[in-house]
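These notes concern the structure reproduced below.
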Amino acid sequence: MRKYNYKLLVGSLVALGVSGASAEDRKPIKVGVVATLSGAFAALGQEAMRGVEQAMAEANGSVSGHPIVLTKASSDATPDSAVSAVRKLVESDGVDLVVGPLSGDEGIAVKEYAKSHPNVTFVNGTSAAQDTTLRNPASNFFRFSGDGAQWMAGLGRYAFTEKGYRRVAVVAEDYSFPYTQVFGFMTEFCALGGHVVSKSWVPIGQKDYSSVVASLPRDIDALFVGLSGADAVNFLTQMQQGGIEKPMIAGTFTADQTILGAKGRFKKYFIGTPSASPVADGLDSKGWDDYAATYKAKFPDGLGSPSLAAYTYYLNTHALLDGLSRVDGDLADGHVKLNAVLAKLNFDAPTGGDVHLDANRQAITDNFVTEVYERSPGLLVNHVVRRIKGVNQTLGMEPAKFIAMGPASRDNPSCP
Amino acid sequence: MMASRNLGAAIAACGLMIVLPGFLSPFWLTQIAIQSLCLGMVAASLSFLMRYSGQLSLAQTSVAGVASYALAYLGPNDVNLGPGWSMVAAVPAAFVISILYSGAVGTLAARTRGVNCLMITLAIGMSVFYLARQNYSIFGGFRGISIGHPQLLGLAFNDGIPFYYLCLAIVIVSCVLVAYLEETPLGLALRAVGSSPERTEADGYSVGVLKVVAAMLAGALASCGGILLLWYHARISPGAIGVSSIIGTLIVAVLGGIQRPINAFLGAFLYVLLDNYAIDLAGSERFQTLVGSIFLAVVVLSPNGVAGLLVWPRDGTKALARVKHCRCAARKERIGGPSSIGQ
């Protein structure tokens, strides 16, 4: 921790020396980062920290002569732990700015906390719940990444028009992030006339899916799978054993490298599966290649390709530092200048396409519809089939109409 | 002599706790002091059961959770669940519900001890966790129930100094009641159950009934903790009663010293401190290792937890003397052993 700050300080002093800036005695800016360094999402939390460090390294650890001092805190994906960690950063370490959190419900809790601390600026990490910014937003909470529904943009339409699916069953984990993903998929799919005939919500970490497999309707065209990690591997293996050979539509974390890279017969079944995500391994863009190359060079023990957690933390930290440099590190009067600049910020994401915020300080950004293909024997990769430009939080609908649809839940939306 | 010294220490500790807000920053008051008091209450109920019925129960976190959920559901909340009673009606109701629940758990576990008791109470705790996570009509599912800013007579009381004194008052009253219980015939009978159920049974006591009584009394402690924690976090979600919280309660109790309920508050203080500051000492990659090492060190160096360390000069020498005595006895036995067989 201290060692890291020291490195940053040295880095920033070197940078100052090189650029010949005159502001060597400028006040340091304290940034706190919260991510899930313990619990089930600890691996994602590590990735998140990598994302922040990469953005910091790009800025050489300082902004307009102000050295940036980074303080890290850990949560365990529960809202209580996230608020605890953020409270410690703000009230004990006295940070000016907070980056995080990682998990959806954490985001909603931190947003509520942000309201009682208007003099601190918060930017999101990976957290992708809708209500962090859609309903009762906090004026000092900014999210430069999408929510779970935005990450599904384009998939419903693609499944309906290109794949010709009309009747779909859903199997997904029983918590808010998959609800939001299914919400995003169904909003498009149902509007076009598709039917989601059944939804099975399974607890995280379930091992035995035989009853779920047995109760799947047989007269469906495809299966929407919103499971992550070991849950997806277990379900797909048991589904094959159960003799179901329906094609699949995958959630953002289901067609992820953590699963595509696993071993097993279910991999064949993945080929041709459509999915949607704000990042894609097969993305053909110079910005992405550079970003991924820097990631690999900086973190030799990291993943083969930066994950969504690393990317979203990177994006949000990058935006924050960008905003800071535009106001010359001026945090006077409760960050009034910074907040104004962040709200109007417009920059190019590594995936190409620009990122800017709506009135609720929620990102409007590009999303990708992808399809899994076998690049070489055994190596499955997501190949971009469509880029959906400028996806907003209401998925192109009238805000009032979208909000009237109600919050994403097990039963909402419904089109049996 | 012992009693008066303990009394003096207790009064000094109370005095210190009462003037504490004068010295603490708002962060330390809220995050460290208040949280230690709340978590300490829940862990104290675990130590209470250990002392008064000889059972290691892992269901105490879920008892606190049931109290939190009952109050969140019955009282005012942000998610339009439940009847929305006023706090005045909802708090006693929540208290009664969780004590009944605790009694039910105690009845199920009454015939068990040791590992069996641990397994059965863990299973009950986990069942409640899964129920809470999957039921939306009462427990609010994965997201749980958020209660906004709890108010009493139009005043928000879950923040800062007033809430600290509320927690402190409840803790002090509970400690006094537990100390009083120790002196009553019921307390003596419970102590007997805790140290030797067979002999207590032989003396004509109904051990099963006493164990259920102990479970309900422990349930009262845990419920207070649960209700305070609900107000502190302004929400309850399944994560608060999941396996890591269950283990957390056990760690707090063991860290403090599981022999006496009051030690749990020391354990909670150390636990909360580590939870907040370990990452600053050891960095984001290694802080879990530091936390684990400190827990191990406390348990290895002092089986009586932090409380044991505090009185180490007194008890430690006694313990050393005991060890020496045992060794001598063992040696004598060894020397005498073969010859006695030979005879």
Side-chain angles (χ1 to χ4, degrees), chain A residues 1-4 33-35 37-40 42 45-46 48-49 52-53 70-85 87-94 103-106 108-109 112-113 116 129 131 136 173-179 201-205 407 409-411, chain B residues 24-32 34-35 38-39 68 78-79 129-131 133-137 140-144 146 148-149 156 159 229-230 232-245 248 272-273 275-288 290-292:
Chain A
M1 188 61 238
R2 279 180 208 286
K3 202 167 131 208
Y4 187 76
V33 186
V34 56
L37 295 172
S38 59
Q46 254 188 327
M49 290 301 180
V52 173
E53 284 173 24
L70 210 58
T71 311
K72 296 174 180 175
S74 167
S75 67
D76 62 7
T78 61
D80 295 348
S81 70
V83 170
S84 233
R87 187 185 281 140
K88 190 229 161 203
L89 289 173
V90 171
E91 296 176 30
S92 176
D93 298 325
S103 166
D105 291 302
E106 291 186 329
I108 293 175
E112 289 302 329
Y113 177 84
S116 56
D131 283 348
N136 306 317
E173 280 149 344
D174 195 5
Y175 73 102
S176 52
F177 177 72
Y179 301 160
W201 301 109
V202 298
I204 305 168
S409 72
R410 282 175 163 184
D411 308 318
Chain B
L24 293 183
S25 70
F27 170 77
W28 267 75
L29 187 72
T30 312
Q31 184 115 326
I32 309 289
I34 293 181
Q35 219 183 345
C38 297
L39 288 178
S68 302
D78 275 359
V79 289
F129 163 69
Y130 281 113
L131 174 68
R133 202 168 70 175
Q134 287 177 64
N135 176 290
Y136 277 74
S137 51
F142 188 85
R143 195 169 284 178
S146 152
H149 286 285
D159 210 11
L229 277 170
L230 174 74
Y232 173 74
H233 291 301
R235 94 170 53 71
I236 173 77
S237 60
I241 55 172
V243 72
S244 61
S245 306
V272 172
L273 269 189
D275 196 35
N276 279 285
Y277 290 105
I279 195 166
D280 292 341
L281 296 174
S284 63
E285 308 269 307
R286 297 277 172 271
F287 72 102
Q288 304 274 43
L290 177 72
V291 172

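In the text below, chain A, chain B and the rest are named by the order of the sequence lines, each starting its count at 1. None of the values given here were measured: they were computed from a predicted structure.
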Examine whether an atom of B/Ser146 lies under 4.5 Å from a heavy atom of chain A, and if so say whether it belongs to the side chain, the backbone or both; otherwise answer neither. neither

Is any side-chain heavy atom of A/Asp131 less than 4.5 Å from a side-chain heavy atom of B/Arg143? yes

For A/Pro203, which residues count as a side-chain contact (heavy atoms from CB on, under 4.5 Å) partner, sequence neighbours excluded? A/Gln206, B/Arg133, B/Gln134

In Å and rounded to the nearest 0.5 Å, what is the CG to OG distance from A/Asp76 to B/Ser245? 7.5 Å

Considering only heavy atoms, which portion of A/Ile204 lies under 4.5 Å from any heavy atom of chain B: side chain, backbone, both, or neither? both

Counting only heavy atoms closer than 4.5 Å, note whether A/Glu112 contacts chain B via side chain, backbone, both or neither. neither

So which of A/Asp80, A/Val33, A/Ile108, A/Thr78 has the biggest tally of heavy-atom pairs under 4.5 Å with chain B? A/Asp80

Could you state the interatomic distance from CZ (B/Phe142) to CH2 (A/Trp201), rounded to the nearest 0.5 Å? 13.0 Å

Between A/Gly104, A/Ser38, A/Ala42, which shows the greatest number of heavy-atom pairs under 4.5 Å with chain B? A/Ser38

Is chain B contacted by the side chain of A/Asp105, its backbone, both, or neither, given a heavy-atom distance below 4.5 Å? side chain

Heavy-atom pair with the smallest gap, counting every atom of B/Tyr277 and A/Ser92: OH-OG, 2.8 Å

With a 4.5 angstrom heavy-atom cut-off, which part of A/Ala109 approaches chain B: side chain, backbone, both or neither? both

Would you compute the distance between atom CG of A/Asp174 and atom OH of B/Tyr130 and round it to the nearest 0.5 angstrom? 12.0 Å

Among all residues two or more places apart in sequence or in another chain, which pass the salt bridge (Lys or Arg N to Asp or Glu O under 4.0 Å) test with A/Asp93? A/Lys88

For the CG atom of A/Leu37 and the CD1 atom of B/Ile279, what is their distance to the nearest 0.5 Å? 5.0 Å

What residue in A/Pro79, A/Ser409, A/Ser81, A/Ala129 has the most heavy-atom pairs under 4.5 Å with chain B? A/Pro79

When rounded to the nearest 0.5 Å, the distance separating OG of A/Ser74 from CD of B/Gln288 is 6.0 Å

Given heavy-atom pairs under 4.5 angstrom as the criterion, report whether the side chain, backbone, both or neither of B/Ser25 touches chain A. neither

